[in-house]
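The structure under discussion appears below in the form of structure tokens.
Each chain gets a letter, A, B and so on, in the order the sequences are listed, and its residues count up from 1.
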Number of protein chains: 2
Amino acid sequence: MADYVRLGIIGIGNQGGNYSRSLTSDPAWCPEIKLTAVADKNPARLEWAKATLGEDVARFDDAIAMLDSGLIDACVVSIPHYDHPKYVMECMKRGIHVMCEKPAGVYTKQVREMNEEAKKHPEVVFGMMFNQRTNCLYRKMRELVQSGKYGRVRRANWLITNWYRSQFYYDSGDWRATWSGEGGGVLLNQCPHQLDLWQWICGMPVKVQSNMRFGQWHDIEVEDDVTTYVEYENGATGVFVTTTGDAHGTNRFEVQMDKARIIVEHDKLSLLEFDVTEPEWTRTNDKPFATMPAHEVEVETDGQNPQHVGVVNAWGGAILRGEPLVAGGEEGIRGLTLSNAMHLSAFLGKPVTLPFDEDLFYEELQKRVAASTRKPTGKQVYADTSSTYGGSK
Amino acid sequence: MADYVRLGIIGIGNQGGNYSRSLTSDPAWCPEIKLTAVADKNPARLEWAKATLGEDVARFDDAIAMLDSGLIDACVVSIPHYDHPKYVMECMKRGIHVMCEKPAGVYTKQVREMNEEAKKHPEVVFGMMFNQRTNCLYRKMRELVQSGKYGRVRRANWLITNWYRSQFYYDSGDWRATWSGEGGGVLLNQCPHQLDLWQWICGMPVKVQSNMRFGQWHDIEVEDDVTTYVEYENGATGVFVTTTGDAHGTNRFEVQMDKARIIVEHDKLSLLEFDVTEPEWTRTNDKPFATMPAHEVEVETDGQNPQHVGVVNAWGGAILRGEPLVAGGEEGIRGLTLSNAMHLSAFLGKPVTLPFDEDLFYEELQKRVAASTRKPTGKQVYADTSSTYGGSK
């Protein structure tokens, strides 16, 4: 094999456009990855590619033609969510390594099919673009939570309301914030990262109860305000609150454990370590209003937070040398399971236990797709979103 | 009228014991209030009173006898929750000014009756011991929220998990944490303050959905873990999470408004003021990922946080000179309405709309009272709780 990977990108809108520009303009971005082709149905984006990426990058108006061209070894799928599984599977069937943008899909049924296909192609290196997993704070939080040192998780509450979007954002593409185009709102577009991290750090719940508002703060048909309560098998509970309506919201993730309280907020991880576990204290303490001593611990992280470039470089290393991925493609279904369960709970107005009825979810989703009214703006605005990533603020 | 108020206290357990000691040992505590009598059924507490409060304070083993003694003008009712309305009404019927400890009662039906009685006695100065309303941070928060300057409340989330109690606390009195003795757990004993402040600052919701764990972290029959979601008439939502099981929990109250984000945490109020309201921004902005500028505002408070002594002195001023109370007695029903609605929602496993069915709640409560198993410890431990108040940490 060559000492570099020849990459194609399907979909050079906001996100794919950013990757392609970074790869071609900055040779240090991913030294082992060479962008050799891009595909997009939109002629204007191919014009943009010609002007921005240079003549060396082949351009296709048809993704399948690019996959069949022999020009690429690996492919990033960066298109509207519904089509992620389809094109990921097209790559796999051709032995092309594939990186799927989040979310893995819109409904778990289609992602399950994608994961089945993946099993048939062990030679294909399949990754999910969960760039937030590269954040040292969340990596460290996971390490602490899963170390066993602090006992059980008891409470896992994430207030993630700093995903503000104005109406202009929603009007910038006619697929946006529609049941037919995106299949959901803040949970499908903004929150796949946090849903993934939540389960990556604390595990999957067994029960989900969600209250959603659809078009509460915007003229859209999907959810822009979500409050979810979950229960875990061990008796722990969690809350997940998100919105795109709070102009200056909060990103605060708190995990309460038997022997520690861990909070990530303001780009900082704080760890309060208890001197004994709570179960031991409550068994042995003999003062009515006492709690055990505890002390703040200064936590060192490796300081690294490479985001997309970290995911893509790790993928390159996985392809060339079998190194570990940031997130295996098969793991994409977990966050989507949370998001589907939340939607189903809100659709039905009652709690949903996991595993949930995937056929029922699909039916409920299809009802909304059928009633969906795509906005006839026809316009499509592209933006450099590179500055919107990287923090945990 | 005299230039001071002659005070009696019904119930000199932990809380009433603290008041009585403060009043007798520190003449500056409430200069216009003179403790002249106390009543308690427990002979050991009367012995304690004799030794601690001195011979000048009359002692009664029967509250009614104290009320009829002619020795007092005003009375604090500081006994287990179920009996609050009964003794408050006994005071009112005798024209004795009365201060009710929180909660106002266990179920709103009985508190409604108490409030009806209060209407018949306009000469009686009736107050609720909502000492947390004296905290300058919450007073300022209320002023900001209700000023009109920042538009609507959109989200009101309170994570109040720093009410840790160990098993020893629950075993310290056989009425504690039982349906028959307290009528509830963390919502009835620890959280009446926050439930009152929540509604005092943000108003009453119209819908309540609560998930509770009963005896999750302790060997008790009532709730020690609560996650509640609420909706307000204007479309706002709220979350209220509390427990006595988190050894080192959190007290963080965030209110998101059209033009501001206000947070009280770590004994500090922070105010982020937006340059324009969100509704105006979303109508006029033309950049896909932009939000409006905002700036932190240094908020000045009066720095005062007198807690119980503030409530009692204001009550004295109300009795002697018609000055305002910290909290009118009739307002006690509001926080209890929230707590009853939360319990009813958890009992029924579904959302409850306000006003809720008070008869149904009473029936459900009585079922649990009937099945209640008071712990046969027989012991009763008294503690100086004075250091457990005053902060918002």
Side-chain angles (χ1 to χ4, degrees), chain A residues 14 154-155 157 159 161 164-169 172 209 211 213 216-218 225 227 229 231 235 237-239 241 243 245-250 252 254 256 258-261 263 272 274 277-279 281-292 294 349-351 381-383 385 387-388, chain B residues 14 154-155 157 159 161 164-169 172 209 211 213 216-218 225 227 229 231 235 237-239 241 243 245-250 252 254 256 258-261 263 272 274 277-279 281-292 294 349-351 381-383 385 387-388:
Chain A
N14 286 344
R154 300 159 67 110
R155 192 178 313 284
N157 287 16
L159 182 61
T161 54
Y164 183 68
R165 296 291 184 266
S166 68
Q167 188 62 39
F168 186 82
Y169 165 84
S172 72
Q209 183 175 54
N211 284 281
R213 307 298 185 94
Q216 161 100 341
W217 309 111
H218 307 90
D225 204 293
T227 303
Y229 165 79
E231 294 179 359
T237 65
V239 172
V241 180
T243 184
D246 287 358
H248 292 275
T250 290
R252 184 181 189 281
E254 172 174 335
Q256 180 80 215
D258 282 341
K259 202 170 181 276
R261 189 187 65 176
I263 300 169
L272 184 73
F274 313 160
T277 70
E278 193 285 327
W281 179 265
T282 198
R283 218 168 36 236
T284 54
N285 163 60
D286 62 0
K287 293 180 199 69
F289 292 93
T291 190
M292 81 287 281
K350 63 181 189 185
V381 176
Y382 296 93
T385 60
S387 67
T388 71
Chain B
N14 285 343
R154 300 159 67 111
R155 191 180 312 285
N157 286 15
L159 182 60
T161 54
Y164 183 68
R165 297 291 184 264
S166 69
Q167 188 63 39
F168 186 81
Y169 164 84
S172 72
Q209 182 174 55
N211 285 280
R213 306 300 185 93
Q216 161 98 343
W217 308 112
H218 307 90
D225 206 292
T227 303
Y229 165 78
E231 294 180 358
T237 66
V239 172
V241 180
T243 184
D246 287 359
H248 292 275
T250 290
R252 184 181 190 280
E254 172 174 334
Q256 180 81 213
D258 282 342
K259 201 171 182 274
R261 189 187 66 177
I263 300 170
L272 184 73
F274 314 159
T277 69
E278 193 284 327
W281 180 265
T282 197
R283 218 169 34 235
T284 55
N285 163 60
D286 63 358
K287 293 178 199 72
F289 292 93
T291 190
M292 81 287 281
K350 62 180 190 187
V381 176
Y382 295 93
T385 60
S387 66
T388 71

Checklist entry - With a 4.5 angstrom heavy-atom cut-off, which part of B:E278 approaches chain A: side chain, backbone, both or neither? => result both
Checklist entry - Could B:D225 and A:R155 be called an ion pair, given the rule that one side-chain N must be under 4.0 Å from one carboxylate O? => result yes
Next on the checklist: Tell me the closest heavy-atom pair linking B:W281 and B:A290, and the distance in Å.
Outcome noted: NE1-O, 3.4 Å
Next on the checklist: How close do A:D286 and B:F168 get, counting heavy atoms only, and between which atoms?
Outcome noted: O-CE2, 3.3 Å
Next on the checklist: Quick check for you: among B:D246, B:L272, B:T227, which has the greatest number of heavy-atom pairs under 4.5 Å with chain A?
Outcome noted: B:D246
Checklist entry - Non-hydrogen atoms of chain A under 4.5 Å away: do they reach the side chain of B:R283, the backbone, both or neither? => result neither
Item to check | Heavy-atom proximity to chain A below 4.5 Å, by part of B:N157 | outcome: side chain
Checklist entry - Does any N or O in the side chain of A:R213 come within less than 3.5 Å of the main-chain N or O of B:G235, such that one atom is a donor and the other an acceptor? => result yes
Checklist entry - Can you tell me how far CH2 of B:W217 sits from OG1 of B:T243, rounded to the nearest 0.5 angstrom? => result 7.0 Å
Checklist outcome for this item: Pair count under 4.5 Å, heavy atoms only, with chain A: among B:E231, B:H218, B:Q256, B:R261, highest is B:Q256
Next on the checklist: Given heavy-atom pairs under 4.5 angstrom as the criterion, report whether the side chain, backbone, both or neither of B:R154 touches chain A.
Outcome noted: both
Next on the checklist: Looking at every non-hydrogen atom in both residues, tell me the closest pair between A:D258 and A:F274 and how far apart they are.
Outcome noted: O-CD1, 3.5 Å
Next on the checklist: Taking side chain as everything from C-beta outward and backbone as N, CA, C, O, which of these in B:T161 sits under 4.5 Å from a heavy atom of chain A? Side chain, backbone, both or neither.
Outcome noted: side chain
Item to check | Pairs of heavy atoms under 4.5 Å with chain A: top-ranked of B:L159, B:N211, B:N285 | outcome: B:N211
Next on the checklist: Has B:H248 got a side-chain atom pairing as donor or acceptor with B:Y164's backbone, closer than 3.5 angstrom?
Outcome noted: no
Item to check | Intermediate values then yes/no, side-chain contact (heavy atoms from CB on, under 4.5 Å), A:E254 and B:R252 | outcome: CA-CA 11 Å; A:E254 172 174 335; B:R252 184 181 190 280; over 6 Å; no
Next on the checklist: Using heavy-atom distances under 4.5 Å, tell me whether B:K287 contacts chain A through its side chain, its backbone, both, or neither.
Outcome noted: backbone
Checklist entry - Which bit of B:A260 is near chain A, if near means a heavy-atom gap under 4.5 Å: side chain, backbone, both or neither? => result neither
Item to check | chain A interface, residue from B:P351, B:P279, B:G245 that has the most non-hydrogen pairs under 4.5 Å | outcome: B:G245
